[in-house]
Amino acid sequence: MVDPMHFEASADDYAAARPSYPAALWQRMRTLGLLSRGARALDLGAGSGQATGPLLHAGLRVTAIEPGPRLAAHLRAAHPVADVRICRAEDMQFSASSFDLVVAATSIHWMDLDVLLPKIYTILTSRGRLAVWRNVFGDADAPTTHFRARIAEIVAARQAPPRPGPPAEDLDATIVALTTSGLFEVTDASTYRWTLELDAAAIGRLFRTFSDWSAGEVEQAVEAVRAVGGTVTEHYSSWLVVLAPIERPSTP
Ligand SMILES: C[S@@+](CC[C@H](N)C(=O)[O-])C[C@H]1O[C@@H](n2cnc3c(N)ncnc32)[C@H](O)[C@@H]1O
C-alpha cells in the first residue's frame with residue numbers, strides 16, 4: 001500500500017504544484033448555499049491549503065486538519081488565519097455541532113471511514129453538510145494526447161503499490177463508501193472537466209506529488225513532455241459529492 005505520509009515527504013512540491021479546484025466546483029458549492037460568510041468549516045486532510053484558501057476567501061472560518069507537519073507549516077504560512085491542527089482526521093476532538101460544513105478535498109480515501117463518519121456526524125450541525133471532492137489527474141473521456149499515450153505506457157509497464165479506497169475516477173464507488181454507514185445521504189453530485197498547461201518542470205513537480213509514482217517514472221514523464229515540444233495540455237476532471245446527515249429517529 002502507498003504511504004499516507006507520502007505528501008509530507010514531497011511537501012515543497014505539493015505546495016508549489018498541486019492545483020486547487022475548478023471555479024465551477026466552487027460555484028456549485030456557492031449555489032448550494034455551502035459558502036455562507038461566517039460559517040464554520042472543517043477541512044480534512046488539508047495539505048498545503050488547496051481547499052482552505054478558497055474557503056477562507058469566501059468568508060468562512062476554517063479549521064484545517066493535516067497530519068504532516070511540513071504541509072501544515074506551508075498551510076499556516078499561506079493562510080495564517082486558519083486554525084491548523086496537526087493530527088489524523090480519525091483522531092480529531094471537537095464537541096458536538098461545532099461545524100456547519102466539513103470538507104475533504106482529494107483526501108477522504110486516506111481515512112478510515114468507520115471511525116471518521118460517526119465523528120463527522122457528531123461534530124456537524126443537524127443542517128450541516130459534508131462535501132467531498134477529488135481531482136482526477138487524467139480525464140479518461142478526453143481525447144488521448146501523445147503525452148497521455150506515453151503516460152499510459154509508463155503506467156502499463158510498472159508495478160505500482162495499491163492506493164487506498166475506490167479508484168479516483170469512481171464517484172459511484174465513493175458514494176457507496178460514504179453512505180453505507182446509514183449516517184449520510186447524498187444531496188448533490190456533479191463532475192467538472194478542466195485543462196492545465198504544464199511544462200516539463202511543472203509535470204515533474206506535479207507527478208512527484210502522486211503517491212504511486214516512483215522517481216524514475218516521474219523522470220520518464222518529464223522526458224515525455226520534452227519529446228512533444230516542452231509543454232502539454234493536460235485534461236483533468238473533478239467530482240463533488242455533497243451529503244446531509246440522516247436525521248435519527250427521536251427516542252420517546
Ligand atoms: C492528496 S492530499 C490532498 C490535500 C489537499 N486537501 C488538496 O486538495 O490538495 C491528501 C492529504 O491527506 C492527508 N492525510 C493522509 N491521511 C490522513 C488522515 N488519516 N487524516 C487526515 N489527513 C490525512 C495527507 O497528509 C495529505 O495532505
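Numbering of ligands and ligand atoms starts at 1, following listing order.
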*Chi angles and distances behind the side-chain hydrogen bond (donor to acceptor under 3.5 Å, both in side chains) call for Tyr192, Ser190*: CA-CA 7 Å; Tyr192 307 90; Ser190 50; 2.6 Å; yes
_Under-4.0 Å heavy-atom contact with ligand 1, by part of Glu90 that carries it_ = side chain
_Ion pair Arg129/Asp188, N-O distance below 4.0 Å_ = no
_Tell me whether Arg18 has any N or O atom under 3.5 angstrom from an N or O of ligand 1._
no
_If we set the cut-off at 4.0 Å for heavy atoms, which region of Ala51 has an atom near ligand 1: side chain, backbone, both, or neither?_
neither
_Under-4.0 Å heavy-atom contact with ligand 1, by part of Thr209 that carries it_ = neither
*asked:* Does this structure show an ion pair linking Asp141 with Arg193, if we count only N-O contacts that are shorter than 4.0 Å?
replied: yes
*Whether Arg40 side chain and Leu60 backbone form a donor-acceptor pair below 3.5 Å*: no
_From the candidates Gly47, Ser107, Gly45, Pro19, the one that places a heavy atom nearest atom 6 (N) of ligand 1_ = Gly45
*Please state whether Glu66 comes within less than 4.0 angstrom of ligand 1, counting heavy atoms only.*
yes
*asked:* Any nitrogen or oxygen of Ala105 lying under 3.5 Å from a nitrogen or oxygen in ligand 1? Just yes or no.
replied: yes
*Would you tell me whether Ser238 and Trp194 have side-chain atoms, one donor and one acceptor, within less than 3.5 Å of each other?*
yes
